[in-house]
There are 2 protein chains.
Amino acid sequence: MTHSRTRGERRRHQTIQEILDHAVAVMDEVGVAGLSMSEVARRVGMRPPSLYKYVPSRLALFDLLFRDGQQANLEAFRAGAEGAPPGLNALAKALQASGRWALANQSLAKLLFSRPVPGFEPSAEAFAPSLEMVADVQQMLRDAVARGELRPEAAGPDGLTIVSILTTGVLSQQLSNEPDAAFDDGRYTRLAPRLFDMFTKYYEVT
Amino acid sequence: MTHSRTRGERRRHQTIQEILDHAVAVMDEVGVAGLSMSEVARRVGMRPPSLYKYVPSRLALFDLLFRDGQQANLEAFRAGAEGAPPGLNALAKALQASGRWALANQSLAKLLFSRPVPGFEPSAEAFAPSLEMVADVQQMLRDAVARGELRPEAAGPDGLTIVSILTTGVLSQQLSNEPDAAFDDGRYTRLAPRLFDMFTKYYEVT
DNA sequence: GTCTATAGCCTGATAGAC
DNA sequence: GTCTATCAGGCTATAGAC
């Protein structure tokens with residue numbers, strides 16, 4: 001993706017990554033909408049004006065965070081599916097991996113899944129990984145139908161939407177009410193397999 | 001609840017209500033976490049110092065908003081159940097009414113269901129209506145079990161948690177991705193009955 | 001209860017020297 | 001690329017006159 005050639009570019013890319021890491025730490029402390037350029041500059045060891053050489057504005061910083069977050073979440077999702085037989089099994093593992101990522105990256109997850117910053121809309125480029133993930137889910141549902149695990153309507157648009165509702169519901173409850181729990185112990189996240197089971201039974205071939 | 005006796009107290013209560021109404025309008029425009037005392041003062045036609053005669057701090061303002069929001073949501077929930085046969089039917093109607101309220105009061109809903117303001121924790125008094133609502137849901141599930149509509153485990157703690165996950169999932173997706181839709185047309189909210197059906201079938205008596 | 005005035009912060013962003 | 005200096009404003013909250 002970002003293959004810097006020169007030393008300068010490589011160094012610059014490194015600095016930007018450092019900025020993003022500190023930005024996440026700030027959001028963890030003061031909330032996503034509380035992120036400030038000055039505080040990030042302080043932590044990264046710069047005066048605020050210097051930060052603007054790397055990130056042109058506060059909203060641009062959010063866009064970088066959004067893009068990296070979506071990309072990381074997509075990679076977690078795909079890594080989760082790896083090696084699993086396609087269809088329901090792959091979907092369950094991928095969704096669980098994505099959920100674990102969200103629990104381990106709560107500020108980024110909030111930035112991606114709710115819209116906590118008024119005036120910020122992600123750019124098309126930053127949003128792209130999300131579309132890839134939706135396409136992956138759809139394909140997994142089609143695989144499940146092809147294998148006879150689900151009825152065809154499960155791979156329709158409503159089936160996809162229901163999957164998104166279930167996963168968002170689990171995560172948003174867990175993040176809001178018990179953010180420090182581990183995924184397997186969380187009052188909400190530990191019910192993820194049960195909800196997946198509910199979905200599966202609802203659409204099982206009769 | 002708040003029965004003011006004297007003219008002065010009545011007037012004061014009226015002013016506080018006006019403050020809360022304007023505060024909601026501000027949150028609608030700049031986000032929940034963007035609420036500022038100064039902006040509210042401007043809109044209500046006061047200088048900022050005067051506002052502090054009615055609300056002692058910004059966090060106290062959030063607490064008032066939280067309490068009123070919880071109360072209004074509880075009232076919508078109960079009004080929705082009114083007249084319906086107890087059990088599943090009452091639960092479905094109550095949850096739908098609560099969902100409609102959330103869609104019509106998005107800023108308050110975000111304040112109640114997510115935790116968008118770092119440093120704000122609702123007081124026990126402000127949180128009380130939420131506990132009442134949980135108790136109501138639990139009772140409705142028990143009624144449904146008693147009527148033979150659901151297996152006993154549906155009224156256990158996991159059943160209650162699953163109900164909360166389903167409703168939160170629908171609402172959080174709708175509010176984040178398509179906030180301007182009507183409840184019956186929303187890409188997510190219109191699937192609420194289907195999700196309720198999923199829940200019902202999963203716990204139906206075999 | 002309302003105001004003026006103000007303390008003491010914070011912010012995002014830019015100009016221009018080095 | 002970094003800095004100092006600064007603009008132009010915002011904010012929460014309080015003191016004290018009226």
Side-chain angles (χ1 to χ4, degrees), chain A residues 4-20 22-66 107 111 116-121, chain B residues 4-20 22-66 107 111 116-121:
Chain A
S4 310
R5 283 269 165 92
T6 74
R7 271 195 316 260
E9 278 169 2
R10 213 161 37 225
R11 172 82 182 134
R12 178 180 170 81
H13 184 261
Q14 224 170 40
T15 303
I16 289 181
Q17 193 52 54
E18 200 182 335
I19 288 170
L20 296 181
H22 282 285
V24 168
V26 173
M27 291 192 293
D28 288 342
E29 290 175 28
V30 298
V32 176
L35 178 63
S36 94
M37 298 290 274
S38 311
E39 184 59 30
V40 172
R42 263 190 294 278
R43 298 198 185 201
V44 80
M46 283 177 187
R47 295 325 135 204
S50 304
L51 195 60
Y52 285 81
K53 297 286 179 182
Y54 298 95
V55 180
S57 74
R58 183 172 177 259
L59 290 183
L61 175 54
F62 278 118
D63 208 57
L64 288 176
L65 290 164
F66 191 98
S107 292
L111 180 63
V117 184
F120 167 62
E121 286 296 319
Chain B
S4 310
R5 283 268 165 94
T6 74
R7 272 196 314 264
E9 278 169 1
R10 216 164 31 231
R11 173 83 183 128
R12 179 182 168 80
H13 184 261
Q14 226 170 40
T15 304
I16 290 181
Q17 193 52 55
E18 200 182 334
I19 289 169
L20 296 181
H22 282 286
V24 168
V26 173
M27 289 192 294
D28 287 342
E29 291 175 28
V30 298
V32 176
L35 179 63
S36 94
M37 298 290 273
S38 311
E39 182 60 28
V40 172
R42 264 191 294 278
R43 298 197 185 202
V44 80
M46 284 176 184
R47 297 318 138 208
S50 304
L51 195 61
Y52 284 80
K53 297 287 179 181
Y54 298 95
V55 180
S57 73
R58 183 172 176 258
L59 290 183
L61 176 54
F62 278 118
D63 207 56
L64 289 176
L65 290 165
F66 192 98
S107 292
L111 181 63
V117 184
F120 167 63
E121 285 297 318

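Residue numbering restarts at 1 for every chain, and letters A, B, ... go by the order of the sequence lines. All values derive from a computational prediction rather than experimental measurement.
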* Given B:Gln14, B:His13, B:Glu9, the one that forms side chain to side chain contact (heavy atoms under 4.5 Å, CB included) with B:Arg11 ->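 It is B:Gln14, the one option of B:Gln14, B:His13, B:Glu9 that forms the side chain to side chain contact (heavy atoms under 4.5 Å, CB included) with B:Arg11.
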
Take atom [atom1] of [X] and atom [atom2] of [N], then tell me their distance rounded to the nearest Å.
X: A:Leu61; N: C:dT11; atom1: CG; atom2: C1'; answer: 14 Å
X: A:Glu39; N: C:dG12; atom1: CD; atom2: P; answer: 10 Å
X: A:Leu51; N: C:dG12; atom1: CG; atom2: C1'; answer: 11 Å
X: A:Glu29; N: C:dC10; atom1: CD; atom2: P; answer: 15 Å
X: B:Arg47; N: C:dA5; atom1: CZ; atom2: P; answer: 12 Å
X: B:Arg42; N: D:dG9; atom1: CZ; atom2: P; answer: 13 Å
X: B:Ile19; N: C:dG1; atom1: CD1; atom2: P; answer: 11 Å
X: A:Met37; N: C:dA13; atom1: CE; atom2: P; answer: 6 Å

Between [options], which nucleotide has the shortest distance from any of its atoms to the side chain of [X]?
X: B:Pro49; options: C:dA5, D:dA13, C:dT2; answer: C:dA5
X: B:Tyr54; options: C:dG1, C:dT11, C:dA13; answer: C:dG1
X: A:Tyr52; options: C:dG12, D:dT12, D:dC3; answer: C:dG12
X: B:Ser50; options: D:dG1, C:dC3, C:dG12; answer: C:dC3

* Asked: Which atoms form the tightest heavy-atom contact between A:Ala41 and A:Arg47, and what is the distance?
  ->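 Closest approach of A:Ala41 to A:Arg47, heavy atoms only: CB-C, 4.0 Å.
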
* Tell me which of A:Pro56 and B:Gly8 sits closer to the 5' end of DNA chain C, going by the nucleotide each one is nearest to. =>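 Residue closer to the 5' terminus by nearest nucleotide: B:Gly8.
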
Report yes if some heavy atom in the side chain of [X] is under 4.5 Å from a heavy atom in the side chain of [Y]; otherwise report no.
X: A:Val30; Y: A:Leu35; value: no
X: B:Arg7; Y: B:Arg10; value: yes
X: B:Thr15; Y: B:Lys53; value: no
X: B:Val55; Y: B:Val40; value: no
X: A:Glu39; Y: A:Arg42; value: yes

* Asked: Hey, what bend do you get for the helix from C:dG1-D:dC18 to C:dC18-D:dG1 if you fit axes on five pairs at each end, rounded to 10°?
  -> 10°

* Indicate whether OP1 or OP2 belonging to C:dC10 is found under 4.0 Å from a side-chain N or O atom of A:Ser38. =>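 It does not, given that no N or O in the side chain of A:Ser38 lies less than 4.0 Å from OP1 or OP2 of C:dC10.
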
